[in-house]
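This report concerns only the one structure given below.
Values below: every heavy atom of this structure, side chains too, minus hydrogens, waters and symmetry copies.
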Amino acid sequence: LLCRYLLEDLHAAGAQTLRRVDCLALAREVLPRVLAATRCSAWAVSQQDELNVGAGEAEGDFSTETFSAETGEGEGEESIAPAARVIINGSWLTIKEVGAVTGRLARMLLTPGTQREDGGGRAREEVAAILERLGDNLLEILEEVKHNGASEKAHLGLTDLVGPLLETGDPKLEGMPYAWLSRLRRHALRPHQTGSDIVRRSAGLPFALVALAKAEPKGLPKKLLPLG
């Protein structure tokens, strides 16, 4: 959440005036935090069915201490919700921020103004590597999660990432969405999957495919959609 607020403030202050090297320095710091937040939260929204089974029977509920408005003294503890429910809600809200930060980073790194001093070929390669890792991270989320809210927010982040990539004119950057589409097609055909992996309301695969289709530039022939 802090990373998203920081990036939004930079955008509001005129991030297009930043040099590529400045944007890269920020992206280097934000990327590992995005990946760490994903590792911390994705497991819960990937097995929410299992967690929900135990939620109603959980003995270790989260609680908060209540205080008297008159005396300020503690009056005991009040239950918030079953522990499993708190974990799931916190996890999908974290995935929401992961998607938002990914989109903001992509637009910051690919803003035309950052090209003025791009730092040379090595900087361009590093930008490509960071964007590819961010995209892979969102695909990993969408391939695994079983939570409608998490899937929806991750797909919005993927849309925000793919859109600028398709408008760069750089063959390597523009090729990333095509590679991700091929990965999703392989994922859809993998053995031993069930119908719920594809057609359930919270399945990530449909969200991922929709994100790629929605990201294509308006007013131009669609290239990704026919391949999907």
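For Pro217 against Glu167, the heavy-atom pair with the smallest separation is CG-CG, 4.0 Å. When every heavy atom of Phe207 is checked against every heavy atom of Ser151, the shortest pair comes out as CD1-CB, 3.4 Å. Between Pro164 and Arg107, the closest heavy-atom pair is CG-NH1, 3.5 Å. Closest non-hydrogen pair, Ala208 versus Leu158, comes out as O-CD2, 4.0 Å. A pairwise comparison of heavy atoms in Ala215 and Leu166 identifies O-CD1, 4.0 Å as the closest pair. Nearest heavy-atom pair across Ser41 and Ser91 is O-CB, 3.4 Å.
Annotation: the span from Arg185 atom CZ to Arg190 atom CZ amounts to 15.5 Å, rounded to 0.5 Å. Atom-to-atom distance recorded for Leu205:CG and Glu143:CD is 8.0 Å, nearest 0.5 angstrom. Summarising the geometry, atom CD1 belonging to Ile95 is positioned 13.5 Å from atom CD belonging to Glu152; distances are rounded to the nearest 0.5 Å. Separation of atoms CG (Leu131) and CG (Leu105) is listed at 8.0 Å; rounding is to 0.5 Å. Between the CZ atom of Arg124 and the CG atom of Leu109 there is a distance of 14.0 Å, given to the nearest 0.5 Å. Here the straight-line distance linking atom CD of Glu132 with atom CG of Leu161 works out to 10.5 Å at 0.5 Å rounding.
Leu165 has its side chain out of reach of Glu174: every pair of non-hydrogen atoms, C-beta onward, lies at least 4.5 Å apart. A 4.5 Å side-chain heavy-atom check between His155 and Lys214 finds at least one atom pair inside the cut-off. A 4.5 Å side-chain heavy-atom check between Arg33 and Glu29 finds at least one atom pair inside the cut-off. Contact annotation: the side chain of Leu138 never approaches that of Trp180 to less than 4.5 Å [non-hydrogen atoms, C-beta and beyond]. Proximity of Asp160 to Thr102: side-chain heavy atoms (C-beta onward) are nowhere separated by under 4.5 Å. Inter-residue side-chain proximity for Lys96 and Leu156 is flagged as unmet; no heavy-atom pair is nearer than 4.5 Å.
Here the rule is side chain to side chain contact (heavy atoms under 4.5 Å, CB included) with Leu134, and of Val98, Leu31, Leu35, Leu139 only Leu31 fits it.
Classification of Arg183 and Asp136 as a salt-bridged pair holds, one side-chain N sitting under 4.0 Å from a carboxylate O. In summary, Glu140 and Arg133 engage in a salt bridge, as defined by a charged side-chain N under 4.0 Å from a carboxylate O. With salt bridges taken as basic N to acidic carboxylate O contacts below 4.0 Å, none links Arg122 and Glu126.
Linking Ile, Leu, Val, Met, Phe, Trp and Tyr residues whenever their side-chain heavy atoms come within less than 4.5 Å leaves Leu184 and Val210 in two separate clusters.
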message = Determine whether Leu212 and Tyr178 satisfy the following criterion, side chain to side chain contact (heavy atoms under 4.5 Å, CB included), listing intermediate values before the conclusion.
response = CA-CA 9 Å; Leu212 293 177; Tyr178 292 90; over 6 Å; no

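Taking Asp170 as the reference, Thr168, Lys172, Leu173 meet the side-chain contact (heavy atoms from CB on, under 4.5 Å) condition, with sequence neighbours excluded.
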